[in-house]
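The structure appears below as structure tokens.
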Amino acid sequence: MSQRPVNRDVNLDDLFAGATEIIGREALEKKIRAGERLVVKHGVDPTARDLHLGYAVNYQAMRRFQDAGHTVVLLIGDYTCRIGDPTGKDKTRPELTREQIEANIESMLTQVDRVLDVETLVIRRNSEWLDPMHLADFLRLGTRLSAARLWERDMFQRRLAAGEGVMVHEFLYPVLQGYDSYALQSDITINGSDQKFNELMGRQIQQLFGQDPQALMIMPMLPGTDGVEKMSQSLGNYIGLAEPPEEQYGKVMSIPDDLMPLFYSLATRLPQSDCDDIMAAVAEGRTGPMDAKMRLGRAIVEQYHSADAAQAAEQHFINVHRKKAVPDDVPEVELPAGELPLGLLSVLTTVGLTKSNGEGRRVVKQGGLKLDGEPLRDDRFEFTAPGEHLIQKGKRHFVRIRIG
RNA sequence: GGAGGGGUACCCAAGUGGCCAACGGGAGCAGACUGUAAAUCUGCCGCUUUCAGCUUCGCAGGUUCGAAUCCUGCCCCCUCCA
């Protein structure tokens, strides 16, 4: 693994771009200027998931550190994920097997490689040091940490006030996560603001052991496509890094207009000055909001796919949504002619357009179904002969069926 | 160990013997409108062979013509006190 030389003259404002807060900035700057190769930590759970633009806010920052020659560590919380972060939402998590964890890391890497340089990326697992840790060691660490400090956490206070409980493991979680920073000798951790408390604990533990406390680069949470909640997989309001170009583009087009500035500066690699110019042009009426949004969509698709893909996705969007034409990549399903006649409702369900016959009946009744471009309002319709048909549900769900 | 509160559909949450397939909100789906997959408005939103039938309100029994609602046992969750 070949590493770039450390760039001690890197522009710090560029390096820290986008961060809402840098804790311990001064000490960090000294290290950079002295030409030290920093250990840059970013922790993730090895759960199976689609990485999305919200995470990419961190990855882009990590990439800049890589480019400046520093060691970026992707810390896999394979030990702590067995315990469960106090999100207040998680039920007891199913325990992941070693194989699952490795498979998840693998899939994660194929997603982050769109942003990070995986050649120099260092992967560590916190089971490396937490597994061999003895309870006595942990308790000894506990003799030097104040419980009151842990209780301060606003989430705990809120939950207690709301009459909800706090579990012992949740209470201790920050200690384990903080220990990671010590084990890695982290110089800086890049994470979303939701991790601030845990990472501050890391600073404290590092100091207990005589280490320099890590700096914290706290990145803003990107809102989801609904414009209200933060982007997250469980809320389904996310734009995945590995999603197909048309999906990414379409989802970008669906964000509320007033989210555009945020997406421009957090989700694209455009310099902040360019983002400002674009939004100024919109404000002054020189550019339409739709054009600005389309440009945003292209920029994002281009970043995770290619310029060609961005063009194609835009064309697809114009065709399907503006001109209401049929896209050219409609999924096709083969149906055996032996089962003729085939009832429309059961076809809709087997083809995956509806979850039940009742839902299909509803869609047909409401005029949301088209067969070969023609509205079909008869839920008792049957396909009686072999052949090819285009089924459209609503505006954007298409399936081509081939009976025969 | 004691006292109290609670478990309802994908999520939140009403309902405390029939008018309950179950109020309301969110999510989702469809229609209208729109530059948009935004916002707004309208409709739908357990399953089925839909003028009807079937299965649902933590689990298992029971009372009753009839239960999400009452009784018994069990499981789980939360708060306070010890």
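Proteins come first, then strands; the chains are lettered A, B, ... in the order of their sequence lines, and each starts at number 1.
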Item to complete: Identify whether any heavy atom of K355(A) sits under 4.0 Å from a base atom; if not, whether one sits that close to sugar-phosphate; answer base, sugar-phosphate or nothing.
Response: nothing
Discussion item. Both distances below 3.5 Å, Watson-Crick or wobble geometry, any strand: find the nucleotide opposite C51(B).
Written reply: none
Fill in: G-U wobble or Watson-Crick pairing nucleotide for A39(B) (cut-off 3.5 Å, both distances)
none
Discussion item. Rounding to an integer number of angstrom, what distance separates C71(B) and G4(B) when you compare their P atoms?
Written reply: 15 Å
Fill in: Between A30(B) (P) and R396(A) (CZ): distance, integer Å
7 Å
Discussion item. For the C1' atoms, the ones on C57(B) and on C12(B), what distance do you get once it is rounded to whole angstrom?
Written reply: 15 Å
Response to the item:
pair_partner(G4(B)), Watson-Crick or wobble, both distances < 3.5 Å, evaluates to C78(B)
Practice prompt. Take atom P in U56(B) and the same atom in A22(B), then report the distance between them in whole Å.
Written response: 16 Å
Item to complete: Write down the distance between CZ (R361(A)) and P (U48(B)), rounded to a whole number of angstrom.
Response: 7 Å
Discussion item. Students often mix this up, so state it plainly: with edges at 30° and 60°, are the rings of F383(A) and H389(A) parallel, tilted or perpendicular?
Written reply: tilted
Worksheet item: What distance, rounded to whole Å, do you find between the two P atoms, one in C20(B) and one in A38(B)?
Response: 34 Å
Discussion item. Please give me every residue in residues 365-383 of chain A whose heavy atoms get under 4.0 Å of an atom in RNA chain B, ordered by residue number.
Written reply: Q366(A), G367(A), G368(A), R380(A)
Worksheet item: With no hydrogens and no angle check, is any side-chain donor or acceptor of E247(A) less than 3.5 Å from a backbone partner on A242(A)?
Response: no
Item to complete: Grab the NZ-P distance between K395(A) and U34(B) for me, whole Å please.
Response: 12 Å
Discussion item. Can you tell me how the ring of Y59(A) sits relative to the ring of Y55(A), calling it parallel under 30°, perpendicular over 60° and tilted otherwise?
Written reply: parallel
Worksheet entry | Charged N-O contact under 4.0 Å between D67(A) and R63(A) | yes
Worksheet item: Below 6.0 angstrom between ring centroids: does that apply to Y249(A) and H316(A)?
Response: no
Worksheet entry | Distance, P atom - from G5(B) to C70(B), rounded to whole angstrom | 13 Å
Worksheet item: Nearest nucleotide by nearest heavy atom, which residue falls closer to the 5' end of RNA chain B, T225(A) or V363(A)?
Response: V363(A)
Item to complete: List the atom of A267(A), the atom of Q60(A), and the distance in Å for their closest heavy-atom pair.
Response: O-NE2, 3.8 Å
Worksheet item: Listed in order of residue number, which residues of residues 248-270 of chain A have a non-hydrogen atom at under 4.0 Å from RNA chain B?
Response: G250(A), M253(A), S254(A), D257(A)
Worksheet item: Does a side-chain N or O from N357(A) land closer than 4.0 Å to OP1 or OP2 of C47(B), or not?
Response: no
Discussion item. With a 4.0 Å cut-off on N to O distance, would you call K370(A) and E374(A) a salt bridge?
Written reply: no
Worksheet item: Does K251(A) count as lying over the ring of Y238(A), i.e. NZ or CZ under 6.0 Å from the six-ring centre, within 45 degrees of the axis?
Response: yes
Worksheet item: What is the base-pairing partner of C70(B), counting Watson-Crick and G-U wobble geometry with both distances under 3.5 Å?
Response: G62(B)
Worksheet item: In whole angstrom, what separates E359(A)'s CD from C47(B)'s P?
Response: 8 Å
Worksheet entry | Pairing partner of C19(B) (Watson-Crick or G-U wobble, both distances under 3.5 Å) | none
Worksheet entry | Interatomic distance where CD1 belongs to I239(A) and C1' belongs to U36(B) [whole Å] | 13 Å
Discussion item. Side chains of S181(A) and K41(A) only: does a donor on one sit below 3.5 Å from an acceptor on the other?
Written reply: yes
Worksheet entry | Atom pair distance, as rounded to whole Å: CG in N237(A) and C1' in G26(B) | 13 Å
Fill in: Same-atom distance (P) from C59(B) to A67(B), integer angstrom
16 Å
Worksheet item: OP1 or OP2 of U48(B) less than 4.0 angstrom from a side-chain nitrogen or oxygen of S356(A), does that happen here?
Response: yes
Discussion item. Taking the ring centre of each residue, are Y79(A) and W129(A) less than 6.0 Å apart?
Written reply: no
Practice prompt. Using the P atom as the reference point in each nucleotide, state the distance between C19(B) and A13(B) in Å, no decimals.
Written response: 25 Å
Worksheet item: Rounding to a whole Å, what distance do you find between E314(A):CD and A37(B):P?
Response: 15 Å
Worksheet entry | D14(A)/R64(A) salt bridge by N-O under 4.0 Å criterion | no
Worksheet item: Is the shortest distance from a Lys or Arg side-chain nitrogen in D187(A) or R37(A) to a carboxylate oxygen in the other one below 4.0 Å?
Response: no
Worksheet item: Looking at G31(B), G35(B), A30(B), which one has an atom nearest to any side-chain atom of K393(A)?
Response: A30(B)
Worksheet item: Quantified in whole Å, what is the C1' atom distance between nucleotide C54(B) and nucleotide G62(B)?
Response: 24 Å
Worksheet entry | Separation of A37(B) P from M290(A) CE (nearest whole Å) | 11 Å
Item to complete: Name the residue closer to the 5' end of RNA chain B, choosing between G358(A) and E246(A) according to the nucleotide with the nearest heavy atom.
Response: E246(A)
Worksheet item: Does a side-chain N or O from K293(A) land closer than 4.0 Å to OP1 or OP2 of A38(B), or not?
Response: no
Item to complete: Please work out if Q392(A) contacts a base, only the sugar-phosphate, or nothing of the nucleic acid, heavy-atom cut-off 4.0 Å.
Response: nothing
